[in-house]
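To start, the structure under review is shown below, and the notes come after it.
Each chain gets a letter, A, B and so on, in the order the sequences are listed, and its residues count up from 1.
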There are 2 protein chains.
Amino acid sequence: MSEDFTLPSVRVTAPPADRFAEFLKRRGKRVTQQRRLIVEQVYSHHDHFDADELISHLQELIAQRKVSRPTVYRTLGELVEAGLLRKMVLDGRSVFEHDYGYPRHDHLYCQMCNSLIEFHSAEIEQLRDAVARRHDFQVHGHRMFVTGVCATCRRVQQEG
Amino acid sequence: MSEDFTLPSVRVTAPPADRFAEFLKRRGKRVTQQRRLIVEQVYSHHDHFDADELISHLQELIAQRKVSRPTVYRTLGELVEAGLLRKMVLDGRSVFEHDYGYPRHDHLYCQMCNSLIEFHSAEIEQLRDAVARRHDFQVHGHRMFVTGVCATCRRVQQEG
DNA sequence: CTACTTGCAAATCATTTGCAGATGA
DNA sequence: TCATCTGCAAATGATTTGCAAGTAG
């Protein structure tokens, strides 16, 4: 169920659940059963997911009335505020990914199979900063999507 | 405000309305009064806009029953398909910009005043292509947003 | 205790769709 | 002519909210 990340042997960061608890306390919010369950599910895989996928993984708990749909949405928002998740919009639906204990990255987005391939380029960041400087713009971050077709889909396409 | 790109004095492309007409014909679709009106409004300014803004500019025509809300949405979709508009999603709303007779670009997005500053970097594209090659990924295009605070807002912030 | 939370059902809100009448080629 | 459009009203679908009852600290 949860053999999460193989972190470097020296743990430099607290577990997400702890980070979240800390965030909640700082905000005068409470560590509830449902927030615990949701964070556990969210961090049980390193995947991109949307609210619906998360909810379907929580089906059983929802059936047992341990968690509800609105609470999932509410908690996802808090996890983003806490800096534990990154949110992006793909084809109208909100997609989330881990944003803690995981390196910054951008995505190659395959328009055939909708898969996301992660990459990182320090050079692109440098160019970004140069452009920003030129515009006297203070950078907080960026988001980049490269759209196209992945190797697998191109292969399938040729065969078909 | 934005005197970004100075377009070449020699027009190398047909007017958007003509391009659209061509696109429609190719698809067995018709050049109607409302499609004409919408394209005219869309190309009367070089701005970023969302459906609501466009509709509010068309208020008068809507009051006169010359155009309706659903038709605006339908036509926006066709303009995107035709390659005349680029669509992006910002804070949950769809934002459009001209994508014809205008150079490709990315954006600096000021989170304080929500303004978009356009920029282009051939070097970033080269790095993008290099990354894609490394992943055996066929690039169709990309989208990049640099978030932060623009010069004007930083100035205001300091004064305040 | 009691302020923060939750689940439920209902509300939003931008966008989309079914359909009967209107219209462009 | 007649297939394509349009406006209208109603439907959608993901997300949000009001509120009374539940629970963490």
Within the pair [X] and [N], is there a side-chain N or O less than 4.0 Å away from OP1 or OP2?
| X | N | result |
| --- | --- | --- |
| B:Thr71 | D:dC5 | no |
| A:Tyr73 | D:dT16 | no |
| B:Thr32 | C:dG24 | no |
| B:Arg30 | D:dA3 | no |
| B:Gln34 | D:dG7 | yes |

Rounded to whole angstroms, how far apart are [atom1] on [X] and [atom2] on [N]?
| X | N | atom1 | atom2 | answer |
| --- | --- | --- | --- | --- |
| A:Lys29 | C:dT6 | NZ | P | 9 Å |
| A:Phe96 | D:dA14 | CZ | C1' | 11 Å |
| A:Arg93 | D:dT12 | CZ | P | 21 Å |
| B:Leu90 | C:dA14 | CG | C1' | 15 Å |
| A:Ile38 | C:dG7 | CD1 | C1' | 12 Å |
| A:Lys25 | C:dT5 | NZ | C1' | 18 Å |
| B:Arg65 | C:dA22 | CZ | P | 14 Å |
| A:Leu58 | C:dT6 | CG | C1' | 15 Å |

Are the charged groups of [X] and [Y] less than 4.0 angstrom apart, N to O?
| X | Y | result |
| --- | --- | --- |
| B:Arg104 | B:Asp99 | yes |
| A:Arg35 | A:Glu78 | yes |
| B:Arg69 | B:Asp52 | yes |

| task | Mind listing the closest non-hydrogen atom pair of A:His48 and A:His107 along with its distance? | result | NE2-NE2, 3.2 Å
Answer with base, sugar-phosphate or nothing: what part of the nucleic acid does [X] contact at a heavy-atom distance below 4.0 Å?
| X | answer |
| --- | --- |
| B:Arg69 | base |
| B:Lys66 | sugar-phosphate |
| A:Arg74 | base |

| Residue whose closest nucleotide on DNA chain D lies nearer the 5' end, B:Gly28 versus B:Ser68 | B:Gly28
| remark: In this structure, CD of B:Glu125 is separated from CE of B:Met144 (nearest 0.5 Å) by 11.0 Å
| request: Could you check B:Val31 against B:Ala51 and say which one's nearest nucleotide on DNA chain C is further toward the 5' end? | output: B:Ala51
